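Order of the sequence lines fixes the chain letters, A, B, ..., with proteins taken first and strands second; residue numbering starts at 1 for each chain. Quick caveat: nothing in here was measured; it's all calculated off a predicted structure.
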Amino acid sequence: MAFKHVYRTLFKKYGPQHWWPGDSPFEIMVGAVLTQNTSWTNVERAIANLVTADALSADAILTATHEQLAEWLQPSGYFNIKARRLRNYCEWYVQQGAYEKLRRWTTDRLRVALLSVNGVGPETADDILLYAFDRPVFVIDAYTRRLFSRLQLVTGEEHYEELRELFEKRLAREKSLVPLFNEYHALIVIHAKDVCKTKPRCEICCLRRRCPGAMA
DNA sequence: ACCCAGGGTCATA
DNA sequence: TATGACCATGGG
């Protein structure tokens, strides 16, 4: 009940978020790679560069040189690494027949394949599964860990898969899992941006009246 | 001048 | 298995 209660509390406070910000599945995939350890505003600039260059497609990205791609990605940081990662992803994506083919794969098969791409880790893979392929996958990020360890619903030491399975199990009885997981992850991120803005080092608040993180 | 962001890989022990 | 270095920009 606790996991659903946190969701209801966040939803009541912030309302529906309608994630992921992005107009197409491919844009969502690009954003998922570029937002690794990076603020979304910087990612938007990089994506805007791709749009301006008419390069927001796997073919265009694969055609560009490394230097050209890195230049487009520059505002999102880690641009050399991300240029390579995005290229790796596009190579895989095109080889597998792109969206129409991948759309028919089972979720487990798709996750294993995504994780085989160098530069796609568990969170990026799950972002893509949930937001680009509409699969019932709960995305675990640093905020989720922090929030739920503050609430003492997890220790925070769990491995990624362990946490993902816990969340999915706890919410398994709910209806419409895809919309639920979609909103839940989005709400956690929005909450992180909203709380404790005034304190430089304040970590995300828990949903209790007294936030332990607000002290010290 | 710090701190940190919607992580992931690689080398090392 | 698990820790640490590394990647790099822009906002608070």
Geometric class of the Tyr93(A)/Tyr89(A) ring pair [parallel <30°, tilted 30-60°, perpendicular >60°]: parallel
Hey, can you tell me if Tyr131(A) and His185(A) have their rings parallel, tilted or perpendicular (30° and 60° cut-offs)? tilted
Would you mind reading off the distance between [X] atom [atom1] and [N] atom [atom2], rounded to a whole angstrom?
X         : N      : atom1 : atom2 : answer
Arg145(A) : dA5(B) : CZ    : C1'   : 17 Å
Ile190(A) : dA5(B) : CD1   : P     : 15 Å
Leu73(A)  : dT9(C) : CG    : P     : 12 Å
Glu183(A) : dG6(B) : CD    : C1'   : 15 Å
Leu86(A)  : dA8(C) : CG    : C1'   : 17 Å

Does His159(A) have a side-chain nitrogen or oxygen under 4.0 Å from the phosphate oxygens OP1 or OP2 of dT1(C)? no
N or O in side chain of Arg146(A) less than 4.0 angstrom from dG6(B) OP1/OP2: no
Base paired to dA1(B) (Watson-Crick or G-U; both N/O distances under 3.5 angstrom): none
Has Lys169(A) got more than 12 heavy atoms of other residues, nucleotides or ligands less than 6.0 Å from its NZ? no
Please determine whether the number of non-hydrogen atoms from other residues, nucleotides or ligands lying under 6.0 Å from atom CZ of Arg87(A) exceeds 12. yes
Can you find a pair of side-chain heavy atoms, one from Arg111(A) and one from Asp126(A), that are under 4.5 Å apart? yes
Residue pair Ile47(A) / Val43(A), side-chain heavy-atom distance below 4.5 Å: yes
If you measure from the P atom in dC6(C) to the same atom in dG6(B), how many Å do you get, rounded? 24 Å
Would you jot down, in residue-number order, the residues of residues 41-48 of chain A having a non-hydrogen atom under 4.0 Å from DNA chain C? Asn42(A), Arg45(A)
Any chance you could list the contact pattern along nucleotides 7-13 of chain B? Use B for base contacts, S for sugar-phosphate-only contacts and - for none, protein heavy atoms under 4.0 Å, 5' to 3'. BBSS---
If we count only N and O atoms by modelled type, under 3.5 Å, do the side chains of Thr124(A) and Asp127(A) hold a donor and an acceptor together? no
If you measure only the distance, is there a donor-acceptor pair under 3.5 Å linking the side chains of Arg45(A) and Asn42(A)? yes
Search all heavy atoms of Tyr78(A) against all heavy atoms of Gln36(A) and return the closest pair with its distance. CE1-O, 4.0 Å
With centres under 5.5 Å and planes under 30°, do Trp40(A) and dA5(B) count as stacked? no
